[in-house]
2 protein chains.
Amino acid sequence: MAGWEAIRTEVLARIRSRAWPLGTLIPTEAALAQEFGVARATVNRALSELARAGVLERKRKAGTRVAALPVRKATLDIPVIRAEVEARGEVYGLRLLRCDLAQPPVPVLARLGQDVGEMLHIETLHLASGRGFALEDRWLNPAILPTPLPDFAAISANEWLVAHVSYASGDISFAAEPASDAAAAALGIAQGSAVFVTERCTWAPDAPITWVRLVHAPGYRLSTVL
Amino acid sequence: MAGWEAIRTEVLARIRSRAWPLGTLIPTEAALAQEFGVARATVNRALSELARAGVLERKRKAGTRVAALPVRKATLDIPVIRAEVEARGEVYGLRLLRCDLAQPPVPVLARLGQDVGEMLHIETLHLASGRGFALEDRWLNPAILPTPLPDFAAISANEWLVAHVSYASGDISFAAEPASDAAAAALGIAQGSAVFVTERCTWAPDAPITWVRLVHAPGYRLSTVL
DNA sequence: ATTGCTATTATGTCTGCACATATTCCAAAG
DNA sequence: CTTTGGAATATGTGCAGACATAATAGCAAT
């Protein structure tokens, strides 16, 4: 028995086999290190990994216990849309529908948490092999943009941002909604169809960067392994 | 400059400030360790963390480079439904709609990847303060169940499983769909409404455990910080 | 030009030790 | 009885050094 992965596997096996039931305290790192004949650091690595996965709960002095209600943590990759389209073997394209300065609506301001005056409003239709793939509605803080503006008809705002703007934090959420008239028309689907919607918000340390809402064409699926 | 978190922060700052542009090779661990005056292991910890977050790409011998297309990785917590309902300050309830042995339909078999004959088919309506919260359609491998069967009218199959069955792997996916007649009726919504659907599949090392599909009531949102 | 071996090199992991830090527990003081 | 103030202890992090492993690059032979 050597290697932190082997130890992680063994510990996981004991949890799964109920040798260490849910909610119980497991032996200390030192004890496990001795049992497995490895350094404590190796046990630490294995247990930390399991703690991050939500299988264990660790507290200094209190010890390590098996999580009572294992909250499954799934990690999803949020790719750039172009990469997503190309990964399906289709040809990516984009059409800029609008790009102008305007006062963002209240819901957007609320999500951004700060009013920076007029923002750049961009609407883009992302295409996969010519068919509508996703409709993007974005509000961008103009303070972070250079003059002249980047050519958002050539490069998607998202890709320009990841390449040129540093940012600190953000959040993302997913929901199912009926397609609005505009979205339905742009994607060529029936109005009111169930569409998958992604909303993302990102901030630089000091100011909001962008709020974006993506309406995916029907059939879109977000998946990951547990 | 000491502590792996400080180093992670500094490296991140250099990436964000474009001191190390996207796609470029950054100095080796040994070089950074010398520059920051720490042990190589400390640099390794910091860089590994960033690699897991998708900011860096590392390969043996090839070195470490700034990810060209930073794929944002978001981690979602998949809670037990009861916990989710109670976290909203509502009262959880469940209604068992059906529970019988049957041959699973082909799509379910396809997802499970293996035919184990008849499976236990369970339909449950999860309630939040009496209102429909989610409709669960589940197929369970009877081989993993005890006799007599657990009382799935008292405890949800999901909770029983996390408490009694060990499992190895699984996957999960999310999509937007129109509500089927049955789902609409159970949740008390208009037929065809856009609903958020979660599909999960789990396997023990040797055999499939369960396939489950959750139709969430409209308004459901899955969110996380980036 | 292509294939196959080898030396090189950067990261991955381990060890054994040390100190830091958070938290529990118990005992003494009020 | 409550509060306060230490020990005691388990995890978190650090260091220096070592070997393992993967992947590259260069060279040689076909």
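Residue numbers start from 1 in every chain, and the chains themselves are labelled A, B, ... in the order their sequence lines are given, proteins ahead of strands.
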N/O contacts under 3.5 Å, protein versus nucleotides 9-11 of chain C?
residue: C:dT9; atom: O4'; partner: B:K61; partner atom: NZ; Å: 3.4
residue: C:dA10; atom: O4'; partner: B:K61; partner atom: O; Å: 3.4
residue: C:dA10; atom: N3; partner: B:K61; partner atom: N; Å: 3.4
residue: C:dT11; atom: OP1; partner: B:T64; partner atom: OG1; Å: 3.1
residue: C:dT11; atom: OP2; partner: B:E29; partner atom: N; Å: 2.9
residue: C:dT11; atom: O2; partner: B:R60; partner atom: NE; Å: 3.3

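Along DNA chain D, read 5' to 3', the first and last nucleotides having any atom under 4.0 Å from a heavy atom of chain B are D:dT13 to D:dT24.
With sequence neighbours excluded, no residue satisfies ring pair (Phe, Tyr, Trp, His ring centres under 6.0 Å) with A:F133. Shown here are the side chain to side chain contact (heavy atoms under 4.5 Å, CB included) partners of A:P107, two or more places apart in sequence or in another chain: A:P105. In this structure B:L149 satisfies the side chain to side chain contact (heavy atoms under 4.5 Å, CB included) test together with B:L120, B:L145, sequence neighbours excluded. Residues passing the side chain to side chain contact (heavy atoms under 4.5 Å, CB included) test with A:E90, sequence neighbours excluded: A:V85, A:R88, A:A128, A:S129, A:R131. Residues satisfying the ring pair (Phe, Tyr, Trp, His ring centres under 6.0 Å) criterion with A:Y92, sequence neighbours excluded, are A:H126. For A:A153, the side chain to side chain contact (heavy atoms under 4.5 Å, CB included) partners at least two apart in sequence or on another chain are A:L96, A:D151.
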List the atom pairs, with distances to 0.1 Å, where a side-chain N or O of residues 37-45 of chain B and a protein N or O form a donor-acceptor pair under 3.5 Å, not counting sequence neighbours.
residue: B:R40; atom: NH1; partner: B:E29; partner atom: OE1; Å: 2.5
residue: B:N44; atom: OD1; partner: B:S48; partner atom: OG; Å: 3.1
residue: B:N44; atom: ND2; partner: B:E29; partner atom: OE2; Å: 2.8

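The CG-C1' distance, from B:L56 to C:dG12, rounds to 15 Å in whole Å. Between A:R45 atom CZ and C:dG12 atom C1' there is a gap of 8 Å when expressed in whole angstrom units.
When only modelled atom types and interatomic distance are considered, B:R138 and B:T124 share no side-chain donor-acceptor pair under 3.5 Å.
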